Amino acid sequence: MTDTTNTTTNDLPKAYRPADFEGAIYERWLAADVFAPDGAGSTADPEAQPFVIIQPPPNITGSLHLGHAQRATVEDLMIRHARMLGRPALFLPGLDHASIAAQFVLDRIIAAEGETRQSLGRERYLERMREFVAATREVMLGQERRLGASFDWGRLRYTMDEVSARAVRAAFRRLYERDLAYRTEALVNWCPGCRTSVSDLEVVSTPETGTLWSVRYHLIDEATGQPDPAATITVATTRPETILGDTAVAVHPDDDRYRALVGRRVRIPFVERDAPVIADTVVDRAFGTGAVKITPAHDHDDYETGRRHGLPMPTILDDAAAIAGTGTPYDGLDRYEARRRIVADLEARGDLAGERPHEMVIGRCQRSDDVIEPRLKTQWFIRTGPLAAAALEATRSGRTRIVPGHFEKTWEHWLTNIRDWNVSRQLWWGHRIPAWYCPDGHVTVSSDEAGPDACAVCSRPASDLTQDPDIFDTWFSSGLWPFSTLGWPESTPDYARYYPTTVMETAYDIIFFWVARMVMLGIELTGETPFATIALSGLIRDPIGRKMSKTTGNVVDPLGVMDETGADALRFAVVHGATPGNDQRFSDQKLENARNFANKLWNATRFVVGARPVTIAADAPRATPDPAHLGPGERWVRSRLAATTGEVDRALAEFAFAEVTRALYDGIWSEFCDWGLELAKIRLADATLPAAEREATWWTLVEALDGYLRLLHPVMPFVTEELWGALPHRATDPAMLIVARWPGVGERDLVVEGQVQALVELVRGIRNARSEAHVEPASWLPVGVALPVALGPAFEALRPAIERLARARPLERYLTREALHGAMGSGGLAVIAGEIEAMIAVGGAAGDSADARADRIRLERELAEAEGFLEAARARLANEAFTSKAPAAVIEGVRTREAELADQVERLRSRLEG
RNA sequence: GGGCGAUUGGCUCAGUCGGUUAGAGCGCGCGGUUCACAUCCGCGAGGUCACUGGUUCGAAUCCAGUAUCGCCCACCA
C-alpha cells in the first residue's frame, strides 16, 4: 500500500445528496449579491456590452409547471454564461397579472364559496384578487429560487405594479395621439362565459358536426304587402336562432334560380319583419340552397355584407348569449334553447324545408371553451397595419433574428395577414383603459394617473367625464415588458443601459400573443426593436407526447422532482432533450440519467480531491502543471478539455443547448472519467515516479475538472458550485464559481490525441477478445504487442495503465509483428486494433476457461467486416469519376484507409488460417 | 383551404449548411464485491436513416413528389 496520495478526508460527503446543499448554495449567492449586474459581488467588466435576457413573466395564477422550469433553466443558463464571460448580465424577474386567466381561476375559487363576480362586486372582487395573487406570488418566486434562477431580485417587476401602470397609460396615450389606437363599433368575439370580448387569437377554431337547416322565407306579395303562402325562398343556416336578427337574404347575382327575386322582399319569421333579397358575390351558389340569410350583428361575413348593403344591424343576444330585445317570446331564452324552440316552431309552421348533419368549424374561447358569439360592440382597437410592417422590417433586415430560422415564415404569414387588435376587455382585473368620455361623446385619453382635468374637445370639467369601465387585454401590458420593466417612459439609467435587450427567450406557442406584440409596440414606442434575438423553444410533453395539462392529470410538479433528484438534474434533463423549437417528451428516465450524471461528477471530484499527492499541502494554492512533467495521458486530458470547450462555445452561440449538455456529458463521463482518471490513477499511485510527475498529473486533473465545472455551471449551477468549492483555486479566482471566468479554449494536441486513441483501442480490443472468449474476468494474462514505432514512447509512458486496464501482465512489447508471432506462437487470442497487433496468451487455468470457438467467431466477424469496408474503399478508388472529381484530401483519406484495411484483412486471414 | 415541422436500432432523441465504418441515453443479452462512483464498471447484440425519383464521383444530409403523424393559420352560411 503506497501512500502517494493523501488519506485525509475531504469535506465532500460520500454520497451525492443535492437537497443537502442546493438551498444553502442559493443563499450564498444571494448573500454575495452576485445576481445583479451592478451587485456588490459582481465581477462584470463595466465596459463590456451588457447582456439582457427577456423572459416571459409567468402568470401569477398558481404554481410553476415543467414548462416554466424549462424556460427559467434555459434563460438562466444563458445569463450565467454571459455573467461568466464578464458581461454585465441582467435577468429581470417578473410576474404577469394575467387578467382573464386570473379571473378564470379566481371565479372558480369563489364559486366554491358560493360567491360570484357579480355577487361580490367590482371592489370586493378586486380585493379578493389581490389577496389571492399575494399568496401565489410567494409560492412562484420560491419555486424559481429553488430552481436556481439567478434573477436580479432587486429589479423584480409585476405587470400590475405602478411602474407598469405608468407605462401602460403612456403607451396608450401615444398610440391614441398617433391614431394607432381608435374606438369604434365593430363585431367583436364575445365569450358568454367570461363575459368579455377576446382577441382573434383567443378564439380557437374547433371542428364540429352541426346541423344545416333549410328554412323557407315567404316572399312579400307586392300587391298586398303580405307574405305569399306559396312563394318562398329557401335559405340554409346552421344557426336558426339568428333568424331573429336577419335583415336580408342574399343570393349570387349570376344565379339564374334567384335572379328574378333580387329586389323583392321576404318576411322574416317570428319578428315578422320584411327584409330585401339582395345580390352579392360572396354567396356560394353551390352551397346549401344558394340563398343565405344575413344576420349582420352576429356573423362576420354577414356583418361585411350588411355594411356593403347598408342593412340594419339589430343585436339579438345579451352578454349571457340569451335572446334579448327581439320582442318575441324567445326573449330571455339561452341561444341553444331558443334554437331548439325556433326549429320546432318552424316545423310547426311548415317552413322547415330540411335538415342534415354538417361538418363545420366553431370558434371557442381559449379560456372557457364557450362558443364565441360575434357581437357588435363599441371598443378600443390597435391599428396593427403600420406596427406589423415595422415588425416585419425588423426581422427582414436582421435587426432582430429569429432562432430557429424556420419560424420566420410563420412570423411573416401572421404579420402579413394581421387584423386590428381589440384591446378592450369587460373584465375587472387589469389596467383600466385611460379614456374618458363626456356627455357629448367626446373622447379624452390621458396618461395622468388622476385622469384628465377636462374634456379634451369641449373642455367640460373632469367631474362631467366618465372613465371607460373596461380594462386592457392582459397582453397589452405584457407587450410593453422589455421596456416598461426598465422604467420607460422615463429615461431611467436602467433603460439607457439595458435597452434594447439581447435575447428574448420563450416557447413558440406565444409568438403571436406576446413576441410579435412586443416587437410591434417596442418599435413604435421606443423607436428600437426590443431585442436582437428571438430564441424559441419547444414545449414539454408527457412521455407519450401529450401536452401536459391539469385536466389530463399528467403534469409534473417541478418541486417534487427537485426534492427527489435535485434542481440540477431537472435542469439538465429539460435542456438535454431539447432541440431548438422542437417539442420534447419528458420522462423519469431522462431525469434519472441526469441525476446519474451529477452523481458521476460528484464522485469524480471526490476522487480527484482525495487523490492529492502527499507532497502537496491541503491548502496549497493552485499550481500550473509543469509541461515537462506531463505524460501523454495528461496531455490528452488537456487536449480533450480544449475540444469540449470549443464545442460548448459553438453550441451556445447557436442556442443549441442540448448539444452543450451532450458535449459535456461525453467529455466528462466518456473521456475524463473513463480514461483520463483511469490513466491518472496509475501514475498517482506509482511511488517509483518522481514526486514532480505525480504532482503534475494531479494538477492536470484539477485543471481539467475546474474547466469542466465551469463549462457545466450554467446548466448545473448547484453541484458545480459545491464541487468547485472543494478544489484549490488561484489567487485571482473569485470566491464562487458563479462569478468565475468562462474558460478560454486551450490548445489541442492532435498528435497526442491520436496516440492515446490508438492505445485506448488496443485496450478495448484486448477487453473485447477476453470477453468474447469468456476468459475469467479477474485473471491476468500475458500479452504481447507490436505497434508502430511512432507509438512507442506513448505506449511506454502508459504501459502500467494499459497493463491494469487490459489486465495484461506481463505486457511485452515487440518491435515487429514477426517477432510478436515468433514469441507468442499461434495459440491464444489475436487482437488487431488499427495498426497495433496484440496476442493474448491463454494458458493455464485461464486458458481452460477460454472459449476458442467463440474467439474464432469474433475474428471471422472482424474479418468479414473489414473485408466489406475494404471492398467499398477499393470500389471507390477504382471509380475514375471519383478520383478525378473528389477533393484530394478525401481521396487521400480513402487511400490511407484502404491500405489500413488491406493490412488488417491480411493479418486477420493469416491469423485464422494459422 | 393554406403554411410549418416530424419520420434514424424496442423506446426517447442527436447527427455541426454532402465526404472514410450513422451516434447517445434508456431498454435488452453476457460478465463484474480491484481502494471515486452498483446512481457504478467491462463486453456485446440491434439501424434497407418512411417511400419513390432526381442532382452528384459520393446523399440520413440537397431537390421534386408520395405516405403517415403532429402543430399553426383560415369569416364560406
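Since this is a predicted model, take the numbers as computed values, not measurements. Protein chains get the first letters and strands the later ones, always in sequence-line order, with residue 1 at the start of each.
Put simply, CD on A:E359 is 14 Å from P on B:rC76, counting in whole angstrom units. Counting to the nearest Å, the P atom of B:rG31 and the CG atom of A:D851 are 13 Å from each other. Nucleotide B:rC72 holds its C1' atom 13 Å from the CD atom of A:Q366, rounded to whole Å.
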Using a 4.0 Å cut-off on protein heavy atoms (strictly under), produce a 5'-to-3' string for nucleotides 39-48 of chain B with B for base contact, S for backbone-only sugar-phosphate contact, and - for none. BSSSSSS---
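Spacing of C1' atoms, B:rC40 relative to B:rC4, comes out at 44 Å, to the nearest Å.
Pairs passing the side-chain hydrogen bond (donor to acceptor under 3.5 Å, both in side chains) check and including a residue from residues 279-289 of chain A, sequence neighbours excluded, read A:D280-A:R308, A:D280-A:H309.
Regarding contacts with the backbone of B:rG3, every side-chain N or O of A:K409 stays at 4.0 angstrom or more from both OP1 and OP2. Side-chain nitrogen and oxygen atoms of A:R585 include at least one within less than 4.0 Å of the OP1 or OP2 phosphate oxygen of B:rC13.
With ring centers used as reference points, A:F407 lies 6.0 Å or more from A:H413.
Here B:rG19 is the nucleotide among B:rG19, B:rC73, B:rC76 with the atom lying nearest to any side-chain atom of A:V890. The A:R541 side chain lies nearest to B:rC71 when the options are B:rU20, B:rC71, B:rA74.
With the 3.5 Å cutoff on both pairing distances, Watson-Crick and G-U pairs in RNA chain B assemble into runs of at least 3 at B:1-7 with B:67-73, B:10-13 with B:23-26, B:28-32 with B:40-44, B:50-54 with B:62-66.
Residues A:Q757 and A:E761 have side chains that bring a donor and an acceptor to within less than 3.5 angstrom of each other.
Heavy atoms of A:E647 sit nowhere under 4.0 angstrom from any nucleic acid atom.
Cation-pi geometry between A:K590 and A:F572 is not met: the NZ or CZ atom fails to fall both under 6.0 Å from the ring centre and inside 45° of the normal.
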